[in-house]
Novice: 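Attaching a single structure in structure tokens format; questions to follow.
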Amino acid sequence: MAAKNQNTSVFSDCSDEYLAITARSDKCAAAELISRYICSIEMRAKKYAPHMYEDLAQEGLMGLLKAADTYDKNRDVKFSTYANVCIRNKMLSALQKKSAIENGENTEISEEDIFDPAEIPENIVVENEKLKEIYDKIISALSQQEWQVFQYFLTGLAYNQIALELNVSLKTVDNAMQRVRRKLKSVLRSGRE
């Protein structure tokens, strides 16, 4: 575990843009990126729907990792701007989908409801150590196969395409993604306690 913490600290001075590109192939870079955005993700999840906090935080995390995977450094956009849009859209999509299922209608969320990352309270800095622990847990929770399946999933590949890429069965991919979701939910839940 000490080696992971040392590797993660190697990335502590790197830009978000560099981390986004590096996170595609390096778990420690992904962990550092998560550590920078998890507070914003969690606060946004609590603001949007406290009763769905865990699910929304998980969706936001998936939005962040998708942003890292699809970020194009050649465009004139900061990663933080791109990531926050991806995170917000993933959460709003989940809320609208849940609302549609429960009520048979879509609930629109206004722009005023959107969380501004600049509003993060200073006391979040105090929780940095706790957050680093969460990221280390995420990294260590996923097996190599789960990490690979998850990375392909974040690129937008369908399960059958992932199965072909990894030369495994469709059922293996489905099971791996179920475990990934369960483990992320568990890590996020334990991080709140």
Side-chain angles (χ1 to χ4, degrees), residues 1-47 56-91 114-157 162 165 180-181 183-188 190-192:
M1 193 66 136
K4 284 186 181 178
N5 288 337
Q6 287 175 338
N7 288 339
T8 302
S9 67
V10 167
F11 294 108
S12 62
D13 294 330
C14 296
S15 70
D16 288 359
E17 290 75 15
Y18 175 80
L19 286 174
I21 303 301
T22 308
R24 296 172 188 170
S25 60
D26 190 312
K27 285 185 177 183
C28 293
E32 179 63 30
L33 196 61
I34 292 168
S35 72
R36 294 181 186 186
Y37 285 85
I38 194 71
C39 288
S40 175
I41 289 169
E42 289 179 341
M43 289 183 69
R44 185 173 287 175
K46 287 177 187 174
K47 180 175 181 165
L56 283 183
Q58 179 182 345
E59 291 295 325
L61 182 59
M62 291 177 74
L64 171 65
L65 294 174
K66 174 88 171 173
D69 200 57
T70 59
Y71 178 69
D72 183 356
K73 65 181 178 182
N74 296 320
R75 293 193 176 176
D76 194 24
V77 176
K78 289 177 61 176
F79 176 75
S80 60
T81 302
Y82 181 67
N84 281 307
V85 168
C86 291
I87 292 164
R88 182 195 70 203
N89 288 347
K90 191 81 168 142
M91 287 181 171
I114 296 180
F115 178 74
D116 180 2
E119 296 175 1
I120 297 175
E122 291 177 350
N123 66 351
I124 291 177
V125 175
V126 175
E127 295 184 22
N128 194 29
E129 280 302 311
K130 184 177 179 184
L131 294 175
K132 287 284 189 192
E133 186 179 315
I134 291 172
Y135 319 121
D136 288 341
K137 285 180 182 179
I138 289 172
I139 289 174
S140 61
L142 299 180
S143 70
Q144 186 63 34
Q145 183 182 49
E146 291 164 353
W147 181 254
Q148 287 176 322
V149 169
F150 191 43
Q151 290 295 85
Y152 280 117
F153 174 78
L154 293 174
T155 66
L157 290 181
I162 297 170
E165 286 291 327
V180 166
R181 287 182 182 277
K183 288 178 179 181
L184 288 176
K185 193 172 189 175
S186 174
V187 167
L188 288 172
S190 70
R192 289 189 317 153

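No experiment lies behind these values; they were computed from the predicted model shown.
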Novice: Within this structure, what is the OH-CG distance for the pair Y71 and L33, rounded to the nearest 0.5 Å?
Specialist: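 One gets 11.0 Å once the value is rounded to the nearest 0.5 Å.
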Novice: List the steps and the verdict of side chain to side chain contact (heavy atoms under 4.5 Å, CB included) for V149 and V180.
Specialist: CA-CA 9 Å; V149 169; V180 166; 5.8 Å; no
Novice: In Å, rounded to the nearest 0.5 Å, how long is the span from NZ of K185 to CG of L61?
Specialist: 14.0 Å
Novice: One thing to verify: whether E42 and K46 come together as a salt bridge, which I'm taking to mean a side-chain N less than 4.0 angstrom from a carboxylate O.
Specialist: no
Novice: For the residue pair I41 and L64, establish whether any side-chain heavy-atom pair is separated by less than 4.5 Å.
Specialist: yes
Novice: Ignoring hydrogens, what is the shortest heavy-atom contact between Q58 and L184? Give both atom names and the distance.
Specialist: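 Here Q58 and L184 meet closest at CG-CB, 4.4 Å.
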Novice: Does a side-chain heavy-atom distance below 4.5 Å link E17 with K73?
Specialist: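 Heavy-atom side-chain distance check fails, nothing below 4.5 Å.
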Novice: Over all heavy atoms of both residues, which pair between G63 and C86 is shortest? Give the atoms and the distance, please.
Specialist: O-CB, 3.6 Å
Novice: Roughly how far, to the nearest 0.5 Å, is the CE atom of M43 from the NZ atom of K47?
Specialist: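 Going from the NZ atom of K47 to the CE atom of M43 covers 8.5 Å.
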Novice: If we ignore hydrogens and angles and just use 3.5 Å, is the side chain of T22 paired with the main-chain N or O of L19 as donor and acceptor?
Specialist: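 Side chain of T22 to backbone of L19: no pair is present.
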Novice: Are any side-chain N or O atoms of Y37 and backbone N or O atoms of N84, one a donor and one an acceptor, separated by less than 3.5 Å?
Specialist: no
Novice: Run the side chain to side chain contact (heavy atoms under 4.5 Å, CB included) test against E165 and tell me which residues pass, sequence neighbours left out.
Specialist: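 Y152, L157.
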Novice: Quick check: do T70 and Y82 have side-chain heavy atoms less than 4.5 Å from each other?
Specialist: yes
Novice: Are side-chain heavy atoms of L142 and K183 found at a separation under 4.5 Å?
Specialist: yes
Novice: Tell me the closest heavy-atom pair linking A23 and W147, and the distance in Å.
Specialist: O-CZ2, 4.2 Å
Novice: Quickly, which of K90, R44, R88, K66 forms a salt bridge (Lys or Arg N to Asp or Glu O under 4.0 Å) with E59? Name it, please.
Specialist: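 Considering K90, R44, R88, K66, a salt bridge (Lys or Arg N to Asp or Glu O under 4.0 Å) with E59 is found only for K90.
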